[in-house]
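Notes to accompany the following structure.
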Number of protein chains: 2
Amino acid sequence: MITLTEENYIKAIYHLGKYGVNNVSTNAIAKEMETKASSVTDMVKKLSEKSYVDYKKYQGVTLTQKGKEIAINIVRKHRLWEVFLVEKLNFSWDEVHEVAEQLEHIKSKKLISQLDAFLEFPTHDPHGDPIPDKMGHIKKIDKILLSEAEIGNDCICVGVQDSSSEFLKYLDKNNIALGTELKVCHREAFDNSITIKIKTKELIISNMIANNLFVKIS
Amino acid sequence: MITLTEENYIKAIYHLGKYGVNNVSTNAIAKEMETKASSVTDMVKKLSEKSYVDYKKYQGVTLTQKGKEIAINIVRKHRLWEVFLVEKLNFSWDEVHEVAEQLEHIKSKKLISQLDAFLEFPTHDPHGDPIPDKMGHIKKIDKILLSEAEIGNDCICVGVQDSSSEFLKYLDKNNIALGTELKVCHREAFDNSITIKIKTKELIISNMIANNLFVKIS
DNA sequence: AATAATTTTTAGATTTATCTAAAAATTATT
DNA sequence: AATAATTTTTAGATAAATCTAAAAATTATT
């Protein structure tokens with residue numbers, strides 16, 4: 001049987017390895033898990049024995065097929081629960097993470113397949129992240145960071161990079177939600193801040209904000 | 001912070017103490033928790049240190065006010081989740097227990113109050129057990145065991161004592177559900193089996209079955 | 001009331017996940 | 001290429017929850 005801790009390590013390794021990183025380092029995992037490198041080494045050995053990761057001393061780890069399946073299933077559960085919380089229980093998108101972190105570990109195939117159906121098979125969570133299907137397939141959409149959009153582009157907001165409560169509340173305050181249409185009007189060379197137009201209202205956005213908002217050119 | 005194990009012990013002590021038993025014995029807890037008496041002693045000391053129970057060596061334990069509140073909150077969560085599973089996710093009443101055992105430990109006040117509202121403030125779970133309200137108040141209905149009903153009584157099924165899958169499936173098979181109306185026709189003195197009539201159909205029920213079905217005289 | 005049976009506790013060991021401190025290996029810098 | 005800095009691992013310790021086996025206390029029986 002897989003433990004809660006093992007699941008959390010596997011999830012952390014999955015997230016760290018997501019963007020083409022082949023061998024996830026011990027220190028990176030330690031940072032992500034808010035624990036010590038020595039603890040990570042111990043756990044990584046255990047995960048390796050259980051064939052969830054491939055591990056060679058001093059070389060970091062990679063998830064095995066088995067490990068990847070577990071990770072994707074946790075992600076699927078996390079995101080489905082987030083949809084449930086927002087759509088059915090009136091949570092706002094900045095409140096769901098903590099609860100979903102707990103709910104993602106509930107073990108019941110029927111629960112998840114029924115929840116999926118109840119939510120009418122959503123494809124994305126409240127932050128715009130894709131929900132893996134029952135088979136673990138993830139459909140990715142071609143989104144870019146707002147900071148990468150060009151002057152004059154008409155965009156539609158489709159996701160966030162940072163899903164911290166602080167960032168999400170900033171977006172709420174400025175009436176930016178998923179689905180919001182905006183136009184990139186101007187980029188300030190000095191600090192890379194950009195001016196965007198939402199409907200008729202202009203808004204200046206720092207580069208840091210633009211670096212955490214995904215858009216699709218429409 | 002309270003651990004999962006502590007919560008489960010508190011819940012067990014609550015259930016064992018429910019029917020007027022003041023001091024719950026170590027062995028009773030061990031049986032309920034499927035563990036050894038020595039483990040129980042250890043845990044009971046810990047629960048006592050944390051003021052969840054009153055404990056005197058060799059005298060068993062009683063929940064403190066604090067312990068009782070925790071127990072009732074777990075019961076509330078368990079039963080609300082059971083309603084959710086049956087009403088929204090199409091689980092049958094014999095499938096919900098295991099999943100609810102996991103869900104009952106999720107920590108989020110907002111989650112439970114919103115779930116309660118989403119389910120339209122149910123008062124009873126799918127097995128007829130009352131759901132404590134936000135304040136921990138439990139409204140009990142005057143139900144009796146079918147085995148205690150008298151010949152000629154018109155009854156309505158309102159709950160089950162045993163909520164094992166086997167028993168619930170037996171009831172399903174014989175078209176007995178909560179809300180089902182039945183009449184007690186005859187009691188066989190030899191084995192205390194009783195003949196009941198549901199609509200026009202007669203059915204003979206063993207004393208063991210009658211001992212696990214709650215009814216209200218109508 | 002003495003003895004037997006049962007229940008409960010204690011003592012000491014085990015497993016899981018963690019830690020600190022030191023050693024070993026790798027990577028970066030001069 | 002030697003040394004310094006960093007990363008990773010090892011060794012040994014700790015805390016939580018459990019176990020077995022033996023001792024102590026309680027309860028039941030003769």
Side-chain angles (χ1 to χ4, degrees), chain A residues 1-17 21-63 67 70-71 74 101-102 104-105 107, chain B residues 1-17 20-63 66-67 70-71 74 101-102 104-105 107:
Chain A
M1 201 41 185
I2 194 165
T3 69
L4 180 68
T5 317
E6 286 166 1
E7 284 196 351
N8 281 328
Y9 270 92
I10 290 170
K11 188 178 59 150
I13 295 164
Y14 175 76
H15 284 306
L16 292 167
V21 183
N22 277 68
N23 292 295
V24 178
S25 77
T26 301
N27 260 5
I29 300 169
K31 196 179 168 193
E32 179 82 9
M33 296 288 297
E34 297 180 56
T35 186
K36 295 296 150 74
S38 56
S39 307
V40 174
T41 302
D42 286 344
M43 180 52 75
V44 144
K45 281 179 183 167
K46 200 178 152 203
L47 294 177
S48 172
E49 263 161 37
K50 291 193 172 187
S51 302
Y52 297 133
V53 300
D54 289 322
Y55 167 62
K56 277 200 221 82
K57 270 191 194 176
Y58 295 98
Q59 303 307 132
V61 293
T62 325
L63 288 176
I70 288 167
I74 296 171
E101 288 276 286
Q102 299 178 62
E104 72 189 5
H105 297 291
K107 282 168 186 59
Chain B
M1 199 42 185
I2 193 164
T3 67
L4 180 68
T5 316
E6 286 166 0
E7 284 196 351
N8 280 329
Y9 270 92
I10 289 170
K11 186 177 59 148
I13 294 164
Y14 175 76
H15 284 306
L16 292 167
V21 185
N22 277 67
N23 292 294
V24 179
S25 77
T26 302
N27 261 4
I29 300 170
K31 198 179 166 192
E32 179 82 9
M33 296 289 296
E34 298 180 54
T35 186
K36 295 297 148 76
S38 56
S39 307
V40 173
T41 302
D42 286 345
M43 179 53 74
V44 143
K45 281 179 183 166
K46 200 179 153 203
L47 294 176
S48 172
E49 264 162 37
K50 291 193 172 187
S51 301
Y52 298 132
V53 300
D54 289 321
Y55 166 63
K56 277 199 221 81
K57 270 191 196 177
Y58 295 98
Q59 304 307 130
V61 293
T62 325
L63 287 177
K66 189 177 160 193
I70 288 168
I74 297 171
E101 288 275 287
Q102 298 179 62
E104 72 189 7
H105 298 290
K107 282 169 186 58

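Sequence lines set the chain letters: A, B, ... in the order given, protein chains first and strands last, and positions in each chain run from 1. Just so it is clear, the model here is predicted, and its values are computed rather than measured.
Nearest-nucleotide mapping onto DNA chain D: of B:Met33 and A:Ala37, the residue sitting toward the 5' end is A:Ala37. Two residues, A:Glu34 and A:Tyr58, neighbour DNA chain C, and the one matched to the more 5' nucleotide by heavy-atom proximity is A:Glu34.
Other residues, nucleotides and ligands contribute at most 12 non-hydrogen atoms within 6.0 Å of the NZ atom of B:Lys31. Within a 6.0 Å sphere centred on NZ of A:Lys107, other residues, nucleotides and ligands contribute more than 12 heavy atoms. Residue-environment remark: NZ (B:Lys57) stays at or below the threshold of 12 foreign heavy atoms within 6.0 Å.
The distance from atom CD1 of B:Ile29 to atom C1' of D:dT18 is 16 Å, rounded to the nearest whole Å. Following rounding to the nearest Å, B:Met43 (CE) and D:dA16 (P) show an atom-to-atom distance of 10 Å. Taking atom CG of B:Asn23 as the reference point, atom C1' of C:dT8 lies 14 Å away to the nearest angstrom. A straight line from NZ of A:Lys57 to P of C:dA24 spans 12 Å, rounded to a whole angstrom. Between the NZ atom of B:Lys56 and the C1' atom of C:dT9 there is a distance of 17 Å, given to the nearest Å. What separates NZ of A:Lys31 from P of D:dT8 is a distance of 13 Å, to the nearest Å. Across the protein-nucleic acid pair, A:Tyr55 atom OH and D:dT10 atom P stand 6 Å apart, rounded to whole Å. As a whole-Å value, the separation of B:Asp42 CG from C:dT14 C1' is 13 Å.
Nearest heavy-atom pair across B:Gln59 and B:Asn23 is O-CB, 3.2 Å. Heavy-atom minimum distance, B:Ala37 versus B:Ala30: N-CB, 3.8 Å. Considering all non-hydrogen atoms of both residues, B:Met1 and B:Lys50 come closest at O-NZ, 3.4 Å.
Side chains of B:Glu32 and B:His15: no donor on one and acceptor on the other come within 3.5 Å.
For C:dT16, the OP1/OP2 oxygens have no side-chain nitrogen or oxygen of A:Tyr9 closer than 4.0 Å. Under 4.0 angstrom from either OP1 or OP2 of C:dT7 there lies no side-chain N or O belonging to B:Ser25.
At a threshold of 4.0 angstrom between heavy atoms, the contacts of B:Thr41 include nucleobase atoms, whether or not backbone atoms are also involved.
Checking D:dT18, C:dT18, D:dT20 against the side-chain heavy atoms of B:Lys36 singles out D:dT20 as nearest. Across C:dT9, C:dT18, C:dT8, the shortest atom-to-atom separation from the side chain of B:Asn27 is found for C:dT8.
Contact of B:Ser38 with C:dT8 (side chain to base): no donor-acceptor pair of N or O atoms is detected under 3.5 Å.
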Legend entry - Dot-bracket encoding of pairs in DNA chain C, which uses [ ] for pseudoknotted crossings and | for another strand, Watson-Crick or G-U under 3.5 angstrom: ||||||||||||||||||||||||||||||
